[in-house]
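All values derive from a computational prediction rather than experimental measurement.
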Amino acid sequence: MLSSLGSAGGKSAKPSFVSYVTPEEIKSEKEPSRKEKHPDLLPGEVVFCSASTVLKYTQDDLSQRGVFGALLCTNFRVSFVSDEAPTEEMVRTLFKNKLYGENDIPLSCVDNIYGGYEDKKKLITGGLVKNKYPSKIIIHCKDLRVFQFSLSFSKEEDAKKIFQGIVHHCLEPKSLRCLFAFSYCENTSYPGSYSYCREHLRKNQTVMFDSVEDWTQDMKRTKGNCRLVSENSNFELSPKLPQFFIVPTNVSDEDLTKYQGKGLPMWCWSHHSGCALFKTASLPLIQEDNVAQTYTEKMLTAVAHNHLYSDILLSYNRFKQFFLIDNTTEFWMSDMKWFSSLDNCGWLDIIRQCLQKAVEVVECLEKENTNVLIMEEGGSDLCCVISSLVQLMLDPYYRTLLGFQSLVQKEWVAGGHAFLDRSNHLHLKDKVESQSPVFLLFLECVWQLQQQHGPAFQFSETYLTVLSDSVHVPVFTTFLFNNDSHRDNILRAETPHKPRSPLNCPTVWDWSVQFDCKAQDLFTNPLYAEKPKQDTSVRKSYRPKHLRQLSLPSSAFKTPPKKGFFKDEADNLKKILGVKRLSRWMLSPSSDSPQTSSSVREFYEAWQTKHLDYHGLLLPCLDGPSIRVWMQRYLPVEMDSDFPYKKKKRPTSTPHQNQLAFTFEFSHGRNHFLMNEI
């Protein structure tokens with residue numbers, strides 16, 4: 001019997017079973033009762049829809065490598081929860097955001113959504129969502145992250161719901177009160193009220209510029225000699241003006257009530273020589289009556305602009321496409337045209353122009369001791385960019401972390417920058433033309449200054465990156481409103497049934513809401529050159545006035561006066577606001593005025609010959625190679641299990657530069673630490 005069983009020879013039988021079921025389907029059948037995972041929900045956060053067995057691609061989608069998990073959409077974020085247990089490295093991550101993780105996308109941070117239909121990629125808009133759903137979702141984020149999810153392994157009904165839910169809550173128009181901040185603030189145990197927040201930040205020396213004391217203190221610090229206006233404390237003069245602001249002493253009470261605050265020279269900063277920087281919103285042209293023209297000339301303009309906000313948005317949209325790469329094919333195609341594409345998009349040139357305009361204003365204040373009034377249509381966009389950059393270059397206080405926060409609070413928040421309209425968090429069609437990354441443009445310029453003069457800045461590149469990301473986190477009052485009046489009306493609004501106390505919403509400056517103390521340590525620049533303790537002077541120039549005049553040749557030019565250009569009643573303001581008229585905004589480097597360019601270059605070269613004082617005047621180098629790509633923001637690299645420290649070999653400046661910047665990243669999605677080697 002045994003011999004007959006073994007007489008069939010020594011060959012083993014070939015396997016006769018062939019599986020036509022994928023491992024993922026076997027896995028889902030074996031675990032039908034598995035409880036769906038949820039992220040740690042924040043106070044007031046509600047899950048709208050979810051889908052299990054979603055594949056999140058970890059590399060190029062062509063490789064089909066990824067992690068399975070659940071995809072959820074809440075009233076705050078799109079979240080992916082992996083089925084795999086977190087590794088020890090992920091648990092020990094130093095730089096971790098308390099509000100959202102590496103696999104979370106705040107709804108306000110979603111830029112574009114694409115659907116993968118077979119081999120085609122289609123841009124999704126709110127009106128195109130029907131019964132058909134794609135097999136793959138590609139999400140491009142405003143912080144330049146890219147997520148790809150496959151719905152092929154999910155149940156059809158769940159896949160349809162999660163796709164429609166994500167598109168609806170991320171792209172459809174909504175009211176302001178639908179933003180997560182209101183649900184979060186109504187349900188959170190955030191201590192105290194707005195007054196508590198203000199006092200808490202005041203103890204940390206972040207000046208909020210929402211009281212008479214704040215403005216008085218800043219004017220005394222810079223030894224300004226202007227007039228504090230408090231008549232708008234209840235927004236009676238104009239809802240677009242701050243509650244408190246400072247104007248030249250010769251501005252009368254009658255001037256304050258004209259044209260709803262437009263044309264008023266708003267004080268920004270005073271130079272130690274006595275001259276000052278002002279900004280204002282321009283008046284509409286009235287052809288029939290010359291009163292407006294007289295008033296405009298009385299308030300004297302120094303800088304005009306012809307950069308439409310749509311041009312800034314168009315340049316930035318072209319620029320960011322180089323970093324929103326879905327697959328390796330797109331990467332290598334863009335890499336072939338990297339230099340020319342980077343140069344042609346115009347974004348880096350706009351940054352250079354903003355810095356150049358700021359240097360022109362600094363030249364007027366520092367070299368010629370001339371008052372400067374910056375004017376634009378609304379007075380709260382490019383005016384904020386230029387005035388903030390000027391103060392960064394001239395005042396070392398604003399190069400500290402707390403000083404920089406106070407500067408943003410003064411020039412942007414209290415200054416009435418329309419954060420809500422410029423970001424268009426509500427996806428309103430009538431606000432599309434108003435959308436423009438003006439605040440990001442300012443942060444870009446600050447980053448350029450920081451890279452060129454690192455020891456002069458107390459805050460780090462990581463701080464600027466986190467601040468730029470926080471604009472798209474709908475929790476903080478700092479970036480949710482258009483002006484003080486808008487913020488006050490919304491937060492103090494009453495319900496139809498009963499009155500309620502103002503919402504207790506945090507500001508972005510309370511970093512404990514997002515990060516613990518160890519993570520906040522990365523906000524400080526370790527190379528910062530502390531000011532010597534023995535130097536107790538607050539506002540003292542490091543070089544005498546006569547040296548500036550001897551070493552810097554004058555480049556002022558006079559505009560021929562027109563007949564009747566000034567009226568008698570404007571003489572007083574003409575004296576106090578004696579200004580130099582600067583050239584208009586330039587659309588391209590080739591259109592720069594030779595006189596202006598040479599003057600700026602002479603001013604920079606003369607400053608460069610002096611001893612560099614990190615607590616004195618700082619000027620940026622404006623040559624092509626010096627304007628670089630913000631690496632930490634635009635070149636994030638995710639961790640890879642095979643090679644955790646990836647190296648990107650793309651140059652980060654224009655082709656004039658022969659050096660390459662390599663980026664070594666210790667990265668967990670967006671929360672990462674960088675080490676640069678040039």
Side-chain angles (χ1 to χ4, degrees), residues 198 202 206-282 295 298-303 361 364-365 369-376 378-380 383-384 386-392 394-395 397-398 403 405-417 483-485 538-539 572-579:
R198 188 180 68 184
R202 197 182 302 279
T206 297
V207 185
M208 300 300 290
F209 290 96
D210 55 1
S211 66
V212 172
E213 293 77 14
D214 289 348
W215 287 97
T216 303
Q217 174 188 348
D218 199 56
M219 185 166 59
K220 287 182 178 179
R221 186 186 66 83
T222 59
K223 299 181 180 179
N225 183 23
C226 292
R227 169 193 174 190
L228 178 66
V229 177
S230 59
E231 284 82 350
N232 200 44
S233 57
N234 295 321
F235 306 104
E236 296 176 355
L237 294 178
S238 172
K240 294 185 177 181
L241 290 177
Q243 287 180 287
F244 312 99
F245 54 92
I246 297 174
V247 296
T249 54
N250 284 24
V251 175
S252 64
D253 292 337
E254 182 183 358
D255 293 329
L256 295 176
T257 59
K258 289 183 179 179
Y259 309 110
Q260 294 186 334
K262 285 193 172 183
L264 282 177
M266 314 283 287
W267 175 86
C268 299
W269 184 81
S270 291
H271 192 263
H272 61 81
S273 64
C275 58
L277 175 66
F278 301 87
K279 65 181 178 181
T280 187
S282 60
Y295 187 81
K298 183 180 178 181
M299 299 306 170
L300 292 176
T301 179
V303 178
V361 176
C364 294
L365 294 168
N369 297 340
T370 305
N371 291 308
V372 178
L373 177 64
I374 310 172
M375 175 180 284
E376 68 171 334
S380 59
C383 271
C384 297
I386 302 304
S387 63
S388 300
L389 290 176
V390 169
Q391 293 172 71
L392 272 175
L394 286 167
D395 195 335
Y397 166 68
Y398 290 127
Q405 294 180 169
S406 301
L407 176 66
V408 174
Q409 194 69 29
K410 177 179 72 169
E411 294 297 326
W412 294 83
V413 181
H417 178 67
N483 48 55
D484 283 347
S485 176
V538 179
R539 302 281 306 163
N572 289 333
L573 278 179
K574 181 181 177 183
K575 292 177 181 178
I576 194 172
L577 286 178
V579 305

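- The nearest pair of heavy atoms linking Y398 to L392 is O-CD2, 3.1 Å.
- Checked against the 6.0 Å centroid criterion, the rings of W267 and F245 do not qualify as a close aromatic pair.
- Of all heavy-atom pairs spanning S233 and F244, the tightest one is CB-CE2, 4.0 Å.
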Show the numbers, then the answer: is there a side chain to side chain contact (heavy atoms under 4.5 Å, CB included) between L277 and L394? CA-CA 11 Å; L277 175 66; L394 286 167; over 6 Å; no
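- Taking each heavy atom of A281 and G378 in turn, the nearest pair found is CB-O, 3.3 Å.
- No side-chain heavy atom of C383 sits under 4.5 Å from any side-chain heavy atom of E411.
- Across G415 and S380, no two heavy atoms sit closer than the pair O-CB, 3.8 Å.
- Donor-acceptor pairing under 3.5 Å is recorded for the side chains of Q405 and T206.
- Considering every non-hydrogen atom in both V251 and R227, the closest pair reads O-NH1, 2.6 Å.
- Contact annotation: the side chain of D395 approaches that of R221 to within less than 4.5 Å [non-hydrogen atoms, C-beta and beyond].
- The CD atom of E213 sits 10.0 Å away from the NZ atom of K220 when rounded to the nearest 0.5 Å.
- Judged by distance alone, the side chain of N232 and the main-chain N or O of S238 form a donor-acceptor pair under 3.5 Å.
- Scanning all heavy atoms of the two residues, the minimum distance from L365 to T370 falls at CD2-O, 3.4 Å.
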Pair S387-W269, side chain to side chain contact (heavy atoms under 4.5 Å, CB included): steps then yes or no: CA-CA 8 Å; S387 63; W269 184 81; over 6 Å; no
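- Judged by distance alone, with hydrogens and angles left aside, the side-chain atoms of N371 form no donor-acceptor pair with the main-chain N or O of C275 at under 3.5 Å.
- Residue T257 holds its OG1 atom at 10.5 Å from CD of E231, rounded to the nearest 0.5 Å.
- Although no hydrogens or angles enter the test, the distance criterion places no donor-acceptor pair under 3.5 Å between the side chain of K410 and the main chain of S388.
- For D255 (side chain) and S252 (main-chain N/O), a donor-acceptor pair under 3.5 Å exists by modelled atom type.
- Atom OG of S230 and atom CD1 of I246 lie 11.5 Å apart (nearest 0.5 Å).
- Note: T222 OG1 to Q391 CD = 8.5 Å, rounded to the nearest 0.5 Å.
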Given side chain to side chain contact (heavy atoms under 4.5 Å, CB included), test L264 with M266 step by step and report yes or no. CA-CA 6 Å; L264 282 177; M266 314 283 287; 4.2 Å; yes
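- You'll find the side chain of P242 stays beyond 4.5 Å of the side chain of F209, heavy atoms only.
- Applying the salt bridge (Lys or Arg N to Asp or Glu O under 4.0 Å) test to D484 and every residue at least two apart in sequence or in another chain returns R487.
- Separation of atoms CE (M219) and CG (N225) is listed at 8.0 Å; rounding is to 0.5 Å.
- In this structure, D214 contributes its side chain and V207 its backbone to no donor-acceptor pair below 3.5 Å.
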